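Remarks on the structure that follows.
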Amino acid sequence: MKDVYESCPEFEDGTWLLRFVRKEDADDLLAVYGDRNALPFFNSDNCHGDNFYYNTKEKMDKAIDFWLYSYGQKYFVRWAVIDKLAGKAVGTIEMFRRPAGADFGVVGLIRLDVASAYEKAEPLKEILSLIIPPAFGMFDCGEIISKVPIYAVERAEAFAGYGFTKTSSCLIGGNDGYAYNGYWSLRKKRDTRAV
């Protein structure tokens with residue numbers, strides 16, 4: 001598999017397209033990150049105090065510039081989530097490989113942000129089904145974690161339906177040392193076929 005930081009792959013089905021975020025996505029994503037009803041579902045743990053609420057074009061532009069810079073530095077990858085029927089970006093997915101710490105081993109961490117109208121079990125599960133299978137290889141990990149707040153009932157249904165389970169482990173912030181809770185985990189299935 002090619003290095004995700006050298007060539008960012010796209011994933012799609014009949015409804016969704018996941019592709020590398022672009023500056024031109026700013027207007028669409030402003031409607032997502034300026035959506036107060038979506039804000040409680042964004043995972044901003046260990047993000048230097050940023051809560052991902054961008055309610056002006058200038059703030060959204062700066063966020064996208066930072067995402068593009070971070071990709072160039074190999075910090076994380078940010079895909080735009082495109083609703084093909086609506087013809088616009090309705091969210092993003094951030095992923096990166098997190099080294100082992102006191103909380104988890106080496107994991108892939110996923111942040112899935114969508115507009116509040118898409119914070120429903122079925123679309124979230126459909127989006128997960130596109131990104132999770134290749135994620136283990138892209139980020140060279142045997143486990144993927146994501147935050148699912150206790151009040152996020154539709155998100156919990158989607159993640160549970162995909163096979164994630166709630167964990168009691170807290171993510172210890174590398175920036176602030178804070179113990180963040182609410183993480184769910186999915187381990188890569190082992191291939192038990194004879195070689």
Side-chain angles (χ1 to χ4, degrees), residues 1-35 38-39 41-44 47 52 54 60-61 63-98 107-141 143-148 152 154-164 184-186 188-189:
M1 179 174 280
K2 288 184 179 177
D3 183 339
V4 69
Y5 292 105
E6 298 299 325
S7 176
C8 184
E10 294 184 355
F11 308 100
E12 69 179 306
D13 63 13
T15 306
W16 307 102
L17 168 64
L18 310 181
R19 58 135 174 92
F20 190 61
V21 72
R22 303 174 184 157
K23 286 182 174 254
E24 305 85 69
D25 294 325
D27 287 333
D28 288 349
L29 292 178
L30 179 59
V32 176
Y33 288 96
D35 179 354
L39 183 61
F41 302 99
F42 300 161
N43 176 3
S44 59
C47 290
F52 299 149
Y54 310 130
M60 193 71 250
D61 286 339
I64 293 174
D65 287 343
F66 177 69
W67 297 342
L68 298 174
Y69 166 80
S70 295
Y71 178 77
Q73 298 299 308
K74 300 184 177 185
Y75 297 152
F76 59 79
V77 182
R78 182 77 69 152
W79 283 269
V81 176
I82 310 296
D83 178 337
K84 291 165 71 172
L85 301 175
K88 64 181 180 178
V90 297
T92 68
I93 293 176
E94 176 187 306
M95 281 204 76
F96 60 93
R97 183 176 192 262
R98 188 172 189 270
V107 296
L109 193 145
I110 183 171
R111 290 186 169 110
L112 173 55
D113 304 335
V114 293
S116 58
Y118 293 84
E119 188 64 35
K120 295 180 174 37
E122 196 55 37
L124 291 171
K125 190 175 173 190
E126 290 170 359
I127 294 164
L128 289 173
S129 73
L130 289 174
I131 194 70
I132 296 297
F136 292 104
M138 283 188 297
F139 295 95
D140 189 24
C141 61
E143 181 180 12
I144 294 173
I145 63 171
S146 190
K147 183 165 187 139
V148 180
E154 294 277 344
R155 185 168 288 244
E157 183 180 331
F159 275 75
Y162 196 80
F164 281 77
W184 289 48
S185 167
L186 177 69
K188 183 178 182 180
K189 291 182 178 142

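Numbers for residues simply follow the sequence, beginning at 1. The shown structure was predicted, so the numbers you read here are calculated from the model rather than taken from an experiment.
Relative to the six-membered ring of F52, R78 meets both conditions, a distance below 6.0 Å and an angle of at most 45° to the axis.
With hydrogens and angles disregarded, no donor-acceptor distance shorter than 3.5 Å links the side chain of E12 to the backbone of L17. D35 places a side-chain N or O within donor-acceptor distance of the main-chain N or O of S116, the cut-off being under 3.5 Å. Between the W79 side chain and the P9 main chain, a donor and an acceptor come within less than 3.5 Å of each other.
Shown here for D113 and N43, the closest heavy-atom pair between the two residues is OD1-N, 4.0 Å. When every heavy atom of I64 is checked against every heavy atom of D25, the shortest pair comes out as CD1-C, 4.2 Å. In terms of heavy atoms, D61 sits closest to A26 at OD1-CB, 3.2 Å. For the residue pair L29 and A89, the shortest heavy atom distance occurs at CD2-CB, 4.0 Å. Nearest heavy-atom pair across D13 and W16 is OD1-N, 2.7 Å. Heavy-atom minimum distance, I131 versus I110: CG2-CD1, 3.8 Å.
Between K23 and D65 a salt bridge is recorded (basic side-chain N to carboxylate O distance below 4.0 Å). At a threshold of 4.0 Å, the pair E143-K188 does not count as salt-bridged, since none of the basic side-chain nitrogens sits closer than that to a carboxylate oxygen. Salt bridge E94/R111: present, at least one basic N to carboxylate O contact under 4.0 Å.
Proximity of L124 to E119: side-chain heavy atoms (C-beta onward) are separated by under 4.5 Å at one or more points. Side-chain contact between C8 and V77 is present, with at least one heavy-atom pair separated by less than 4.5 Å. A 4.5 Å side-chain heavy-atom check between L186 and I132 finds at least one atom pair inside the cut-off. In this structure the side chain of S146 never reaches within 4.5 angstrom of the side chain of W184, judged on heavy atoms.
Only one option out of Y71, Y75, F20 pairs with Y5 in a ring-ring contact (aromatic ring centres under 6.0 Å, His included); it is Y71.
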> Between Y33 and F42, is a side-chain contact (heavy atoms from CB on, under 4.5 Å) present by the stated rule, with each step listed?
Replying inline: CA-CA 9 Å; Y33 288 96; F42 300 161; 3.5 Å; yes
> Yes or no on side-chain contact (heavy atoms from CB on, under 4.5 Å) for K74 and R97, after CA distance, side-chain angles and deciding distance?
Replying inline: CA-CA 10 Å; K74 300 184 177 185; R97 183 176 192 262; over 6 Å; no
>> Before you tell me yes or no, could you show the steps for I144 and F164 under side-chain contact (heavy atoms from CB on, under 4.5 Å), namely the whole-Å CA-CA distance, both residues' side-chain angles and the distance that decides it to 0.1 Å?
In response: CA-CA 9 Å; I144 294 173; F164 281 77; 4.1 Å; yes
>> Pair R155, V114 - check side-chain contact (heavy atoms from CB on, under 4.5 Å), show working.
In response: CA-CA 11 Å; R155 185 168 288 244; V114 293; 4.3 Å; yes
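Distance check: F136 CZ to K189 NZ gives 9.0 Å after rounding to the nearest 0.5 Å. Considering OH of Y162 and OG of S129, their distance stands at 6.0 Å, rounded to 0.5 Å. Considering CG of L18 and CE of M95, their distance stands at 11.5 Å, rounded to 0.5 Å. Between the CG atom in L109 and the SG atom in C141 there is a gap of 10.0 Å [rounded to 0.5 Å]. A distance of 11.0 Å separates OH in Y118 from CD in E126, rounded to the nearest 0.5 Å. Taking CG of D28 as the start and CE of M60 as the end, the distance is 10.5 Å to the nearest 0.5 Å.
Under a cut-off of 6.0 angstrom, the local environment of NZ in K84 is crowded, with over 12 non-hydrogen atoms contributed by other residues, nucleotides or ligands.
Under the rule for a salt bridge (charged side-chain N to carboxylate O under 4.0 Å, His left out), E24 has no partner lying at least two apart in sequence or in another chain.
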